[in-house]
Amino acid sequence: MTDNVNHPAHYESNGPFECIELTQHYDFCLGNAIKYVWRHMSKGKPLEDLAKALWYIQQESELKRGAYIIPYDAPWWMSYKEQDELINQLASTNFADMKDFWEALAKHNLTAMRAAIQARIEKLTANYPTRVILTDEITRQTIR
């Protein structure tokens, strides 16, 4: 039986570890961006999830007033090195077909994270009957 409250399958069973093990170390916006990238192929709405990830990256960029981020917190039980090891696991396995995103996260580069998400959207839209228009403010989905 799936436990959609404590251990949702779209965060737990589709990766090398549970999503929250990584996202809990970042602020709200970046944690949500990671979450939506993580699950984008698991809930049936990949373009919507990636659009949400872009929205949160934009919010994070506005909050930080720049292209780089700093991990929110390294609790006493996990060092930054351990966080990097988690991210490297995702990058080395090309988790969710988002290697460039994970590598950008490891480098703390919001601009590269955004570019990785946009590239994935473009790859997915080549196979879907919709296209996504990317703007600086919001991502909009339109029907061809």
Side-chain angles (χ1 to χ4, degrees), residues 1-75 78 80 82-144:
M1 182 174 158
T2 301
D3 181 352
N4 285 325
V5 174
N6 296 303
H7 302 285
H10 52 274
Y11 296 128
E12 182 181 51
S13 64
N14 70 343
F17 50 87
E18 196 165 352
C19 182
I20 196 167
E21 292 178 48
L22 181 61
T23 59
Q24 68 187 346
H25 304 293
Y26 293 92
D27 66 14
F28 182 80
C29 289
L30 189 53
N32 274 310
I34 293 167
K35 171 184 76 172
Y36 284 114
V37 167
W38 183 288
R39 75 179 207 186
H40 81 277
M41 293 304 291
S42 301
K43 291 199 68 178
K45 295 182 179 181
L47 297 177
E48 182 177 301
D49 281 344
L50 291 172
K52 289 176 182 178
L54 278 177
W55 189 87
Y56 279 109
I57 292 291
Q58 181 64 33
Q59 298 306 305
E60 184 76 12
S61 184
E62 289 173 12
L63 288 170
K64 301 294 186 214
R65 293 183 174 88
Y68 294 93
I69 52 110
I70 298 171
Y72 175 69
D73 193 12
M78 176 179 266
Y80 288 129
E82 289 172 303
Q83 287 181 31
D84 290 342
E85 288 171 2
L86 292 178
I87 297 167
N88 288 334
Q89 281 183 49
L90 298 171
S92 68
T93 60
N94 194 22
F95 178 69
D97 201 22
M98 292 294 292
K99 180 178 183 176
D100 292 344
F101 175 84
W102 305 121
E103 288 176 346
L105 177 60
K107 294 175 185 171
H108 310 272
N109 188 319
L110 286 170
T111 302
M113 291 167 67
R114 180 180 175 91
I117 296 167
Q118 289 172 325
R120 179 70 173 145
I121 289 171
E122 289 170 11
K123 183 177 178 182
L124 289 173
T125 56
N127 300 320
Y128 284 91
T130 60
R131 64 185 170 94
V132 174
I133 299 172
L134 302 173
T135 68
D136 289 335
E137 295 176 20
I138 195 165
T139 302
R140 296 186 185 117
Q141 189 171 332
T142 60
I143 305 297
R144 282 187 201 187

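Fair warning: this is a prediction, and the values are worked out from it, not measured in the lab. Numbers here simply count residues along the sequence, with the first being 1.
Listed by chain and residue number, Asn94, Arg120, Lys123 satisfy the side-chain hydrogen bond (donor to acceptor under 3.5 Å, both in side chains) test with Asp97 (two or more places apart in sequence, or in another chain).
Between Trp55 and Tyr36, a ring centre-to-centre spacing not shorter than 6.0 Å is recorded.
Heavy atoms only, all atoms of each residue included: Gln89 and Pro16 are closest at OE1-CB, 3.5 Å. Taking both residues in full, the closest heavy atoms of Leu22 and Leu90 are given as CD2-CD1, 3.8 Å, listed atom of the first, atom of the second, then distance. Considering every non-hydrogen atom in both Glu60 and Leu30, the closest pair reads OE1-N, 3.4 Å.
In this structure, a donor-acceptor pair under 3.5 Å is present between the side chains of Gln58 and Glu62.
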*Can Asp27 and Lys64 be said to form a salt bridge (Lys or Arg N to Asp or Glu O under 4.0 Å), step by step?*
CA-CA 11 Å; Asp27 66 14; Lys64 301 294 186 214; 3.4 Å; yes
*Could you walk me through whether Asp49 and Lys43 pass the salt bridge (Lys or Arg N to Asp or Glu O under 4.0 Å) check?*
CA-CA 9 Å; Asp49 281 344; Lys43 291 199 68 178; over 6 Å; no
*Could you go step by step and tell me if Tyr26 and Asn32 meet the side chain to side chain contact (heavy atoms under 4.5 Å, CB included) rule?*
CA-CA 9 Å; Tyr26 293 92; Asn32 274 310; over 6 Å; no
*Start with the C-alpha distance between Tyr56 and Phe28, add both sets of side-chain angles, then the distance that settles side chain to side chain contact (heavy atoms under 4.5 Å, CB included), and finish with yes or no.*
CA-CA 9 Å; Tyr56 279 109; Phe28 182 80; 3.8 Å; yes
*For side chain to side chain contact (heavy atoms under 4.5 Å, CB included), just list the numbers for Met98 and Ile117, CA-CA rounded to whole Å, side-chain angles, deciding distance to a tenth of an Å, and then say yes or no.*
CA-CA 8 Å; Met98 292 294 292; Ile117 296 167; 4.0 Å; yes
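Here the side chain of Glu21 pairs a donor or acceptor atom with the backbone of Glu18 at under 3.5 angstrom. The closest donor-acceptor contact from the side chain of Trp102 to the backbone of Asn88 lies at 3.5 Å or more, if one exists at all. A donor-acceptor contact shorter than 3.5 Å links the side chain of His40 to the backbone of Val37.
The distance from atom CD1 of Ile34 to atom SG of Cys29, rounded to the nearest 0.5 Å, is 11.5 Å.
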